[in-house]
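Beneath this line is the structure, given in structure tokens, with notes to follow.
The first residue in the sequence is number 1, and the count goes up from there.
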Amino acid sequence: MDTRTREKPERTFDLVLKVECPVSENEDPVLLWKFPEDFSDQDILSMVPKFCFPFAIERVTQTQVGQHFTFVLTDIDSKQRFGFCRLTSGGKICLCILSYLPWFEVYYKLLNTLADYLVKEQENDLNDMLKSLYNHPVPDAHTPVSLSLHSYFITPDVTGLPTIPESEPD
């Protein structure tokens with residue numbers, strides 16, 4: 001096991017954020033929504049939105065569609081916590097999942113599902129799915145996990161180095 005990743009995380013993810021792109025370089029991104037609502041680590045809540053838009057604001061175009069990227073934070077114990085992001089709404093909104101688990105493919109698919117729920121304004125479905133995953137014990141490698149009627153994943157084996165999946169068309 002890679003010693004930089006947390007050996008037994010308590011949850012599959014710690015936080016999901018919906019962040020709006022700032023209108024100018026002088027402003028910070030705006031936190032629009034978070035799950036769980038009672039997440040209270042103010043350092044994380046102020047820092048993570050800044051990682052959601054790691055590019056010049058002028059470069060955002062209306063033609064940008066779901067673009068994924070990842071950043072890594074290192075905690076006080078030198079353990080890596082991953083931020084999995086997806087830009088939506090022409091790059092104006094970023095959805096971000098914060099987790100100690102390097103499940104790139106799983107979280108990118110989950111971000112796509114969350115973005116679909118938001119586009120279709122299915123906030124109840126989105127919240128139900130997040131509650132289900134948040135309260136689900138962290139599964140072992142290669143375990144199928146069903147989150148709802150249409151959403152499931154198989155956990156990756158992370159005993160080796162984390163890998164970023166190859167780009168695949170949606």
Side-chain angles (χ1 to χ4, degrees), residues 2 4-6 9 11-25 27-37 39-75 79-123 125-127 129-134 138 145 147 151 153 155-156 158 161-170:
D2 187 347
R4 293 169 300 174
T5 55
R6 181 157 284 180
R11 302 190 175 282
T12 51
F13 69 88
D14 299 313
L15 178 66
V16 177
L17 298 175
K18 179 181 175 185
V19 181
E20 186 175 44
C21 185
V23 288
S24 78
E25 295 288 340
E27 296 179 36
D28 285 336
V30 178
L31 177 60
L32 299 175
W33 172 89
K34 66 180 177 177
F35 181 93
E37 290 179 13
F39 188 90
S40 60
D41 184 332
Q42 290 305 313
D43 287 341
I44 293 292
L45 290 173
S46 66
M47 182 177 28
V48 169
K50 293 176 180 137
F51 284 93
C52 290
F53 297 97
F55 47 80
I57 304 307
E58 301 83 47
R59 291 183 47 216
V60 174
T61 65
Q62 288 301 318
T63 57
Q64 279 181 315
V65 286
Q67 178 182 349
H68 294 108
F69 61 93
T70 305
F71 60 87
V72 179
L73 303 175
T74 305
D75 70 14
K79 298 300 180 191
Q80 294 176 335
R81 189 189 266 183
F82 300 87
F84 300 94
C85 298
R86 182 183 194 272
L87 296 176
T88 64
S89 303
K92 300 284 189 203
I93 300 289
C94 181
L95 298 174
C96 181
I97 298 172
L98 200 61
S99 175
Y100 282 103
L101 298 165
W103 293 356
F104 291 86
E105 204 161 332
V106 169
Y107 289 124
Y108 287 158
K109 286 180 181 175
L110 182 60
L111 285 166
N112 289 342
T113 302
L114 296 179
D116 287 344
Y117 282 156
L118 288 173
V119 165
K120 296 173 185 167
E121 298 181 355
Q122 295 174 318
E123 304 253 343
D125 291 340
L126 179 141
N127 284 318
M129 186 173 72
L130 289 176
K131 276 183 203 147
S132 172
L133 183 56
Y134 189 76
V138 177
V145 176
L147 299 176
S151 186
F153 64 87
T155 58
V158 293
L161 288 173
T163 57
I164 298 172
E166 302 218 5
S167 293
E168 299 173 17
D170 286 335

- Go through L17 and L98 one step at a time and tell me if the side chain to side chain contact (heavy atoms under 4.5 Å, CB included) criterion holds. CA-CA 8 Å; L17 298 175; L98 200 61; over 6 Å; no
- Query: Taking it one step at a time, do L111 and T88 satisfy side chain to side chain contact (heavy atoms under 4.5 Å, CB included)?
  - Reply: CA-CA 10 Å; L111 285 166; T88 64; over 6 Å; no
Approximate separation, where rounding is to 0.5 Å, of [X] [atom1] and [Y] [atom2]:
X: N127; Y: Y117; atom1: CG; atom2: OH; value: 11.0 Å
X: I97; Y: L114; atom1: CD1; atom2: CG; value: 5.5 Å
X: F71; Y: M47; atom1: CZ; atom2: CE; value: 8.5 Å
X: C94; Y: L31; atom1: SG; atom2: CG; value: 11.0 Å

- Within the distance-only criterion (no hydrogens, no angle test), does the side chain of R81 pair as donor or acceptor with the backbone N or O of L73 below 3.5 angstrom? no
- Message: Keeping K79 on the side-chain end and Y100 on the backbone end, is there a donor-acceptor pair under 3.5 Å?
- Response: no
Ignoring hydrogens, what is the shortest heavy-atom contact between [X] and [Y]? Give both atom names and the distance.
X: I93; Y: F53; answer: C-CZ, 4.1 Å
X: L45; Y: K34; answer: CD1-NZ, 3.7 Å
X: C52; Y: L87; answer: O-CD2, 3.9 Å
X: Y108; Y: F69; answer: OH-C, 3.7 Å
X: T12; Y: S99; answer: O-OG, 2.7 Å
X: P49; Y: P29; answer: O-CG, 3.3 Å

- Query: Is any side-chain heavy atom of F35 less than 4.5 Å from a side-chain heavy atom of K131?
  - Reply: yes
- Answer yes or no: is there a side-chain heavy-atom contact under 4.5 Å between V19 and C96? no
- Parallel, tilted or perpendicular for W103 and Y107, by the 30°/60° rule? parallel
- Message: Can you classify the ring geometry of Y134 versus F13 as parallel (below 30°), tilted (30 to 60°) or perpendicular (above 60°)?
- Response: tilted
- Output, in order, the C-alpha distance, side-chain angles, deciding distance and verdict of side chain to side chain contact (heavy atoms under 4.5 Å, CB included) for L118 and L95. CA-CA 10 Å; L118 288 173; L95 298 174; 3.4 Å; yes
- Partner residues of E121 under the side-chain contact (heavy atoms from CB on, under 4.5 Å) criterion, sequence neighbours left out: none
- Show the numbers, then the answer: is there a side chain to side chain contact (heavy atoms under 4.5 Å, CB included) between L133 and L110? CA-CA 10 Å; L133 183 56; L110 182 60; 3.5 Å; yes
- Kindly check if the number of other-residue, nucleotide or ligand heavy atoms within 6.0 Å of CD (E27) is above 12? yes
